[in-house]
Amino acid sequence: MQFGLSESQQILKDNARKFFAGECSMAEVRRLMETDTAYDRALWSKMAEQGFTGIIFPEEYGGLGLGKVELILLMEEMGYGLLPGPFFATVVLAGTALDACGSSEQKKKYLEPICAGQARSTLAVLEAGASWDPADIHITSANGKLSGAKLFVPDAAVADFIVVAARDGVFVVNAKAAGLSLKPMHGMDLTRKLYSVELSNTPAEKLGGAGDLAPALNVATVALAAELTGGMQRTLDLTVQYAKTRKQFGQPIGSFQAVQHQCSDMYLETESSRSAAYYAAWALQENTADAAIAVSIAKMYSSDAGRTVGNRGIQVHGGMGFTWENDLHLYYRRAKSSETALGDGTFHRERIARLTIDKPATTAKSA
């Protein structure tokens with residue numbers, strides 16, 4: 001593999017950084033997180049015009065047809081800018097599930113509007129057991145209808161349709177279908193709203209493709225690891241900037257060895273997380289034998305590192321790090337929320353053990 005980004009990949013990353021800085025400043029992030037949905041139609045349309053909503057999907061459905069590495073570069077910059085709203089839910093969760101599990105007709109029906117920026121969606125997986133393992137899903141369809149509850153579903157209030165993982169397949173439910181109701185749930189990340197989805201004999205369309213949900217969850221997991229990395233980088237940048245300007249005993253606190261140690265550890269964790277995410281995305285793209293393990297390594301490391309980088313950043317800032325006006329706590333909230341999403345460090349350590357010890361021949365498709 002190439003250990004550096006190609007010219008086109010670097011251009012994508014740089015342009016994404018400029019786009020989010022210009023179109024979604026921290027003032028806009030704060031405005032959106034105070035709304036009920038953290039969704040802005042104008043911002044969504046601009047992202048669609050950039051091709052972001054179809055970045056990894058086939059050109060025949062209106063996508064750009066780029067690879068998984070390009071997706072995680074974009075997600076890293078979204079994490080750096082703390083992008084609010086349903087991009088992760090729509091494109092990374094629901095979109096990849098539709099691409100993996102849907103028939104060509106269903107992809108045209110559901111995936112094409114997503115690529116065009118005309119539809120929003122989300123993926124409902126978690127149930128009362130709070131496990132991200134598809135084997136622990138209990139909801140089952142009956143006569144083309146679903147009944148049960150899904151918890152912590154991101155951005156469900158702005159979804160036009162919801163992709164629901166059931167024990168006997170993956171289904172699509174219209175957000176306005178009979179028997180479907182939403183209830184807001186409390187979440188630490190104010191920029192990504194969470195909901196419970198109640199289904200009561202709700203009509204559902206089963207996705208008819210040959211694929212299963214595991215490859216989509218692998219892509220979403222490494223994308224979330226990349227987003228965590230972007231947030232770590234921003235936390236590091238804010239902390240180093242503060243250490244250079246904040247003075248104590250007549251000199252910048254960055255001159256003190258204890259502060260330097262904190263910043264150097266933050267740098268180490270950020271760069272290690274980036275390396276793990278980049279490799280996992282490449283492994284998925286190339287369908288290497290260790291791809292599933294690489295995904296869990298990336299999420300395991302970024303889940304833990306996102307929390308510790310946030311802790312160190314607040315420690316260097318001191319009391320300033322806890323104030324509402326300082327942006328640092330918003331990144332820490334995102335890191336803590338994303339730490340458990342799609343499995344925390346403990347979940348992925350157990351998954352790595354299962355993949356390496358119990359199933360040594362596991363391929364990238366394995367869960």
Side-chain angles (χ1 to χ4, degrees), residues 1-21 23-24 43-81 83 85-102 104 107-108 110-121 123 209 211 215-230 233 274-288 291-292 294-295 298-299 342 364-365:
M1 64 176 291
Q2 294 291 332
F3 288 95
L5 300 178
S6 68
E7 182 179 0
S8 61
Q9 289 170 339
Q10 190 62 56
I11 290 173
L12 170 65
K13 196 173 189 297
D14 293 342
N15 287 343
R17 174 75 61 91
K18 294 175 184 177
F19 175 84
F20 294 120
E23 300 294 341
C24 194
L43 177 60
W44 187 260
S45 296
K46 290 177 182 178
M47 288 195 293
E49 291 173 2
Q50 294 291 317
F52 295 163
T53 52
I55 184 168
I56 59 169
F57 303 126
E59 294 182 31
E60 62 182 299
Y61 304 115
L64 295 182
L66 298 180
K68 296 175 179 63
V69 173
E70 284 77 12
L71 172 65
I72 64 122
L73 294 176
L74 180 61
M75 286 298 299
E76 184 181 354
E77 293 309 318
M78 289 180 173
Y80 190 89
L83 178 74
F87 182 90
F88 181 72
T90 298
V91 176
V92 180
L93 288 175
T96 55
L98 289 164
D99 194 30
C101 304
S104 57
K107 291 178 185 180
K108 187 170 182 62
Y110 296 112
L111 193 57
E112 195 169 285
I114 288 177
C115 292
Q118 299 169 353
R120 288 149 300 283
S121 185
L123 176 66
L217 290 179
N218 277 335
V219 174
T221 300
V222 72
L224 190 59
E227 186 188 67
L228 275 162
T229 302
Q233 184 65 58
R274 179 176 289 115
S275 295
Y278 282 17
Y279 175 76
W282 174 85
L284 283 177
Q285 190 165 297
E286 299 299 320
N287 197 31
T288 64
V295 168
K299 184 56 166 66
L342 296 172
K365 188 177 179 180

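Note: hydrogens, waters and symmetry copies are ignored here, and every other heavy atom, side chains too, is used.
- Here the closest non-hydrogen pair linking Phe57 and Val91 is CZ-O, 3.4 Å.
- Nearest heavy-atom pair across Ala119 and Thr90 is O-CG2, 3.9 Å.
- Every residue two or more places apart in sequence or in another chain that forms a side chain to side chain contact (heavy atoms under 4.5 Å, CB included) with Glu23 is listed here: Phe19, Leu43, Lys46.
- Remark: Gln10 pairs with Asp14 by the side chain to side chain donor-acceptor pair (under 3.5 Å) rule, at least two apart or across chains.
- Taking all atoms of both residues into account, the shortest heavy-atom contact from Ala280 to Ala294 is CB-O, 3.5 Å.
- How far CG of Leu98 is from NZ of Lys108: 14.5 Å, rounded to the nearest 0.5 Å.
- Residue Gly67 comes nearest to Ile56 through the heavy atom pair O-CG2, 3.4 Å, listed as atom of the first residue, atom of the second, then distance.
- Side-chain atoms of Tyr278 and Glu76, non-hydrogen and from C-beta on, do get closer than 4.5 Å to each other.
- Annotation: side chain to side chain contact (heavy atoms under 4.5 Å, CB included) contacts of Leu224 (sequence neighbours excluded): Phe88, Arg192, Glu227, Lys299, Ser338, Ala341, Leu342.
- Remark: Gln50 engages no residue in a side chain to side chain donor-acceptor pair (under 3.5 Å) (not counting sequence neighbours).
- Residues Ala276 and Ala298 share a closest heavy-atom pair of O-CB, 3.6 Å.
- Partners of Ala97 by side chain to side chain contact (heavy atoms under 4.5 Å, CB included), not counting sequence neighbours, listed by chain and number: Leu123, Val163, Leu213, Ala216.
- Taking CE from Met75 and CG from Leu228, the interatomic distance works out to 9.0 Å, rounded to the nearest 0.5 Å.
- Remark: Tyr279 OH to Ile72 CD1 distance equals 13.5 Å, nearest 0.5 Å.
- Contact detail for Ala281 and Val222: the closest heavy-atom pair is N-CG2, 3.8 Å.
- Note that NZ of Lys68 is 9.5 Å distant from CD of Glu286, once rounded to the nearest 0.5 Å.
- With rounding to the nearest 0.5 Å, the separation of CG in Leu12 from OG in Ser6 is 9.0 Å.
- The shortest side-chain heavy-atom distance between Leu83 and Phe52 does not fall under the 4.5 Å cut-off.
- Contacts of Leu66 classified as side chain to side chain contact (heavy atoms under 4.5 Å, CB included), with partners at least two apart in sequence or in another chain: Ile55, Leu64, Glu70.
- No side-chain heavy atom of Pro215 sits less than 4.5 Å from a side-chain heavy atom of Asp99.
- Rounding to the nearest 0.5 angstrom, the gap separating the CD1 atom in Ile114 from the OH atom in Tyr61 is 13.0 Å.
- A side-chain donor-acceptor contact under 3.5 Å links Gln285 to the backbone of Val69.
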